[in-house]
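Below, all heavy atoms of this structure are taken into account, side chains as well, without hydrogens, waters or symmetry copies. Residue numbers start from 1 in every chain, and the chains themselves are labelled A, B, ... in the order their sequence lines are given, proteins ahead of strands.
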Amino acid sequence: MQFATWNVNSLKVRLPQVLEWLQSRPELTALALQETKLEDHNFPQADIEAAGFHVVYAGQKTYNGVAIISRLPIDDVVVNIPGFDDPQKRVITGTIGGVRLVCAYIPNGQALDSDKYPYKLGWLEALITWLKDELAQHPQLILAGDYNIAPEDRDVHDIRKWEGGVLVSPPEREAFTTLIGLGLADAFRAFEQPDKSFSWWDYRGFSFKKNAGLRIDHLLITPALSQKLTACEIDREPRKAERPSDHTPVIATFSA
DNA sequence: ATGGCAGGGCACCCCTGA
């Protein structure tokens with residue numbers, strides 16, 4: 001079993017790359033997508049199903065939007081965070097092969113003095129509250145997505161350029177630590193990894209070429225899945241494509 | 001310190017991203 005997360009920054013633009021990537025990874029069970037930027041009536045469900053996949057999605061115009069593409073059926077689908085009134089489409093959850101997969105696009109926050117920053121912190125609080133319930137019901141759970149949080153300084157190419165801003169602020173990192181405190185593990189850090197491993201690079205200033213990136217896309221997993229975890233990697237290849245997303249996929253592999 | 005790139009809406013300049 002293999003699960004991945006990828007912020008595609010517009011599925012309309014990236015659909016061919018996503019299908020090509022899925023075909024290049026026949027062992028992948030399911031892929032969590034963020035920033036589809038498509039209203040549901042424009043979602044390319046038929047194209048994805050024609051390629052042999054199951055798919056569920058929840059989107060809106062211009063911003064946000066999430067989806068799960070899977071080789072196995074997707075059951076018990078929930079959109080957004082139950083009990084949290086949010087007009088933005090940022091979460092979709094389903095059960096795939098006995099694994100509860102939560103696909104989340106955590107708010108960016110924009111700036112510490114922006115209204116979007118308290119929205120981000122409140123959003124994280126609501127996610128954590130709801131996740132406690134989900135975890136009680138699903139021993140095998142993955143919180144996959146674009147967290148918009150670089151958990152540690154080693155997840156930032158140059159902390160001096162980012163400190164004092166969103167993605168690295170202490171309250172956000174504390175929310176990440178709270179998630180770990182629920183018993184979740186950062187699948188990527190379960191293994192020794194190369195220094196300067198990132199999942200996002202700015203489009204500007206040749207950031208990818210300079211590897212001036214951040215690690216903000218994560219797969220947090222429950223103890224029952226940690227026992228089965230055999231690998232976790234960031235696939236940098238899609239970032240080299242023409243018209244790439246600024247994010248690249250993160251993949252976790254589990255033994256049966 | 002600033003802007004730089006990309007996508008989308010909408011109607012070409014603005015918003016947002018990270």
What integer number of Å spans the C1' atoms of B:dG7 and B:dT2? 22 Å
For residues A:K12 and A:N42, is any side-chain donor paired with an opposing acceptor at under 3.5 Å? no
Between P of B:dT16 and OH of A:Y119, the distance in whole Å: 13 Å
Distance, P atom - from B:dG4 to B:dC14, rounded to whole angstrom: 13 Å
Check the phosphate of B:dG8 against A:S10, side-chain N and O only, distance under 4.0 Å to OP1 or OP2. Yes or no? yes
Among A:D146, A:D246, A:T36, A:N148, which one satisfies side-chain hydrogen bond (donor to acceptor under 3.5 Å, both in side chains) with A:N7? A:D146
Nearest-angstrom distance from the residue atom NZ of A:K37 to P of B:dG8: 6 Å
Can you tell me the distance, in whole Å, between the CD1 atom of A:I159 and the C1' atom of B:dA18? 13 Å
Starting at the 5' end of DNA chain B, which residue's closest nucleotide do you reach first, A:G205 or A:D146? A:G205
Distance check, P atoms only: B:dA6 and B:dA11, in whole angstrom units. 25 Å
So if I take every side-chain heavy atom of A:V13 and compare against B:dA18, B:dA6, B:dG8, which nucleotide ends up nearest? B:dG8
Looking across every strand, which nucleic acid part, if any, lies under 4.0 Å from A:D217 by heavy atom: base, sugar-phosphate, or nothing? nothing
If you look at every strand shown and take non-hydrogen atoms under 4.0 Å, does A:H157 touch a base, only sugar-phosphate, or nothing? nothing
Rounded to whole Å, NZ of A:K161 lies from C1' of B:dG3 at a distance of 14 Å
Would one find a side-chain N or O of A:H247 under 4.0 angstrom from OP1 or OP2 of B:dG17? no
Please report the distance, rounded to the nearest Å, between NZ in A:K210 and P in B:dC5. 12 Å
For B:dC5, does either OP1 or OP2 sit under 4.0 Å from a side-chain N or O belonging to A:R243? no
A:N148 side chain near B:dA18 phosphate (N/O to OP1/OP2, under 4.0 Å): yes
Between B:dC15 and B:dC10, how many Å separate the two P atoms, rounded to a whole number? 14 Å
Measuring to OP1 and OP2 of B:dA18, would you say a side-chain N or O of A:Q110 lies under 4.0 angstrom away? no
Find the distance A:K12:NZ to B:dG9:P and express it as a whole number of Å. 7 Å
Between A:E242 (CD) and B:dA6 (C1'), how many Å, whole number? 15 Å
Taking all heavy atoms of A:K161 and all of A:H157, pick out the closest pair and write down the distance. CD-CE1, 4.0 Å
For the CG atom on A:D115, are there more than 12 heavy atoms of other groups (residues, nucleotides or ligands in this structure) within a distance under 6.0 Å? no
Taking side chain to side chain contact (heavy atoms under 4.5 Å, CB included) as the criterion, tell me which of A:L141, A:L182, A:L143 meets it with A:T222. A:L141
Between A:R14 and A:E242, does any NZ, NE, NH1 or NH2 come within less than 4.0 Å of an OD or OE carboxylate oxygen? no
Within the 4.0 Å heavy-atom criterion, would you say A:Y105 contacts the bases, only the backbone, or no part of the nucleic acid? sugar-phosphate
Atom-to-atom span, CG of A:N108 to P of B:dC15 - whole angstrom: 16 Å
Residue whose closest nucleotide on DNA chain B lies nearer the 5' end, A:L38 versus A:I216: A:L38
Under 4.0 Å between any heavy atoms, over every strand shown, what does A:R14 touch: base, sugar-phosphate, or nothing? Just pick one. sugar-phosphate
Short side-chain N/O contact from A:K116 to OP1 or OP2 of B:dT16, under 4.0 Å: yes
Interatomic distance at C1', B:dG3 relative to B:dA18, whole Å: 15 Å
Closer than 4.0 Å, any side-chain N/O of A:N7 to the OP1 or OP2 of B:dA18? yes
Where does the angle between the aromatic ring planes of A:W201 and A:F208 fall among parallel (under 30°), tilted (30 to 60°) and perpendicular (over 60°)? perpendicular
